[in-house]
Amino acid sequence: MRDGVRVTSPARTWLDLAALLDVDELIALGDSLVVAHSAEFPRPKVATATIEELRGVVAAHPGMRGMKTARLALPEIRVGADSAQETRMRLVLSRSRLGEPVLNHVIRNEWGQPAVWPDAAYPEERIALQYDGEHHGDPEQYRRDIKRQATTERLGWREIRVGKDDIEGERPFLLEKVRAALGTRLRERTVEAPKTPFSGPQLYVRATGTRD
């Protein structure tokens, strides 16, 4: 009950809308319900619904309209996307060979304190993705973005800034951006890799093919 009016739960509303939305729209809606951020984030957030509640409502209403869409969307819903565009960015990557990025990752400074909160990340490769919506054109927001990028790079990460145009079309340019960053990281690791120390007698092969 809300102000004396009977209403449906967030999870049930999500299922009701499965008859009106396509799969990706329903995934984005699901992401917006389950998104949560811990106290380590500048703006902690409590989820409106949980993935378990979405699963439960799907299981409880097998004959509803839109059930096929709901069942296709449910496995791709994740905790951590703050906007529909961030969901689209994640889906572009997760459906490619690049693999799914991590949401809700926290980059810490040298003292172990939270310093940067990327929209998505590849932690092993130290690549942070930040989606720039329309509000990022604001001068004050622009200055904050520059400072954030500088902090990210000072901590040894590479930041990829993503715009609306980067995630559109059949071959989104986002994929090229991430591939290029991953390739750079691989080359850096190759250069920085320590030489294997001498560890005792080695096995040698002569030109004749016999072993000593």
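Just so we're clear, the structure is a prediction, and the values are computed from it rather than from any experiment.
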Heavy-atom side-chain proximity of F173 to V92 below 4.5 angstrom: no
Trace of the salt bridge (charged side-chain N to carboxylate O under 4.0 Å, His left out) decision for E140 with R144: CA-CA 6 Å; E140 181 58 34; R144 287 197 293 267; 3.7 Å; yes
Connected via hydrophobic side-chain network under 4.5 Å: V35 and V79: no
Exam field: side chain N104 to backbone A36, donor-acceptor pair closer than 3.5 Å: yes
Separation of I27 CD1 from S32 OG (nearest 0.5 Å): 12.0 Å
Rounded distance [0.5 Å steps], CD1 in I77 versus CG in L33: 8.0 Å
Nearest non-hydrogen partners of R71 and V58, listed with the distance: CG-CG1, 4.1 Å
Stepwise side chain to side chain contact (heavy atoms under 4.5 Å, CB included) check, Y122 with L98: CA-CA 10 Å; Y122 289 99; L98 294 171; 4.0 Å; yes
Shared hydrophobic cluster for L26 and V34 (ILVMFWY, side-chain gaps under 4.5 Å): yes
Check ion pair R65-D16 (N to O, under 4.0 angstrom): no
Exercise: identify the closest heavy-atom pair between T69 and D22: CG2-C, 3.9 Å
Closest non-hydrogen atom pair between A70 and A18, with its separation: CB-CB, 4.1 Å
Over all atoms of both residues, closest heavy-atom pair of D31 and A81: OD2-CB, 3.8 Å
Same apolar cluster: V102 and I107, side chain cutoff 4.5 Å: no
Spacing of OG belonging to S96 relative to CZ belonging to R179, to within rounding of 0.5 Å: 6.5 Å
Salt-bridge present (R78, E100; N to O < 4.0 Å): yes
Sub-4.5 Å side-chain heavy-atom contact between E168 and R88: yes
D166 side chain near E176 side chain, heavy-atom distance below 4.5 Å: no
Beyond-backbone contact of R154 with E110, side-chain heavy atoms, under 4.5 angstrom: yes
Basic-acidic side-chain contact under 4.0 Å: R95, D24: yes
Any donor-acceptor pair under 3.5 Å from W117 side chain to E40 backbone: yes
E53 side chain reached by S9 side chain, heavy atoms, under 4.5 Å: no
Hydrophobic cluster identity match, L103 and L29, side-chain contacts under 4.5 Å: no
Candidate pair D119 and R161, rule salt bridge (charged side-chain N to carboxylate O under 4.0 Å, His left out), full reasoning: CA-CA 10 Å; D119 296 325; R161 299 178 68 173; over 6 Å; no
Criterion side chain to side chain contact (heavy atoms under 4.5 Å, CB included) on K164 and D132, from CA distance to verdict: CA-CA 8 Å; K164 181 181 177 182; D132 288 352; over 6 Å; no
Joint cluster assignment, V116 & I127, ILVMFWY side-chain distance < 4.5 Å: no
pair R126-R158: side-chain heavy atoms closer than 4.5 Å: no
Atom pair CG/CD1 of L74 and I51 - distance to nearest 0.5 Å: 7.5 Å
Derivation of the side chain to side chain contact (heavy atoms under 4.5 Å, CB included) call for L129 and L174: CA-CA 10 Å; L129 296 109; L174 170 62; 4.0 Å; yes
Side-chain touch Q130/Q149, heavy atoms, less than 4.5 angstrom: no
Under 3.5 Å side-chain donor-acceptor pair for Q85 and Y131: yes
Derivation of the side chain to side chain contact (heavy atoms under 4.5 Å, CB included) call for D82 and K45: CA-CA 10 Å; D82 284 303; K45 184 180 289 187; 3.0 Å; yes
E86 vs R90 side-chain heavy atoms within contact, under 4.5 Å: no
For A128 against W157, the heavy-atom pair lying closest together: N-CE3, 3.8 Å
Heavy-atom closest contact (G30 atom, L54 atom, distance): CA-CD1, 4.4 Å
Salt bridge present between R148 and E153 (N-O < 4.0 angstrom): no
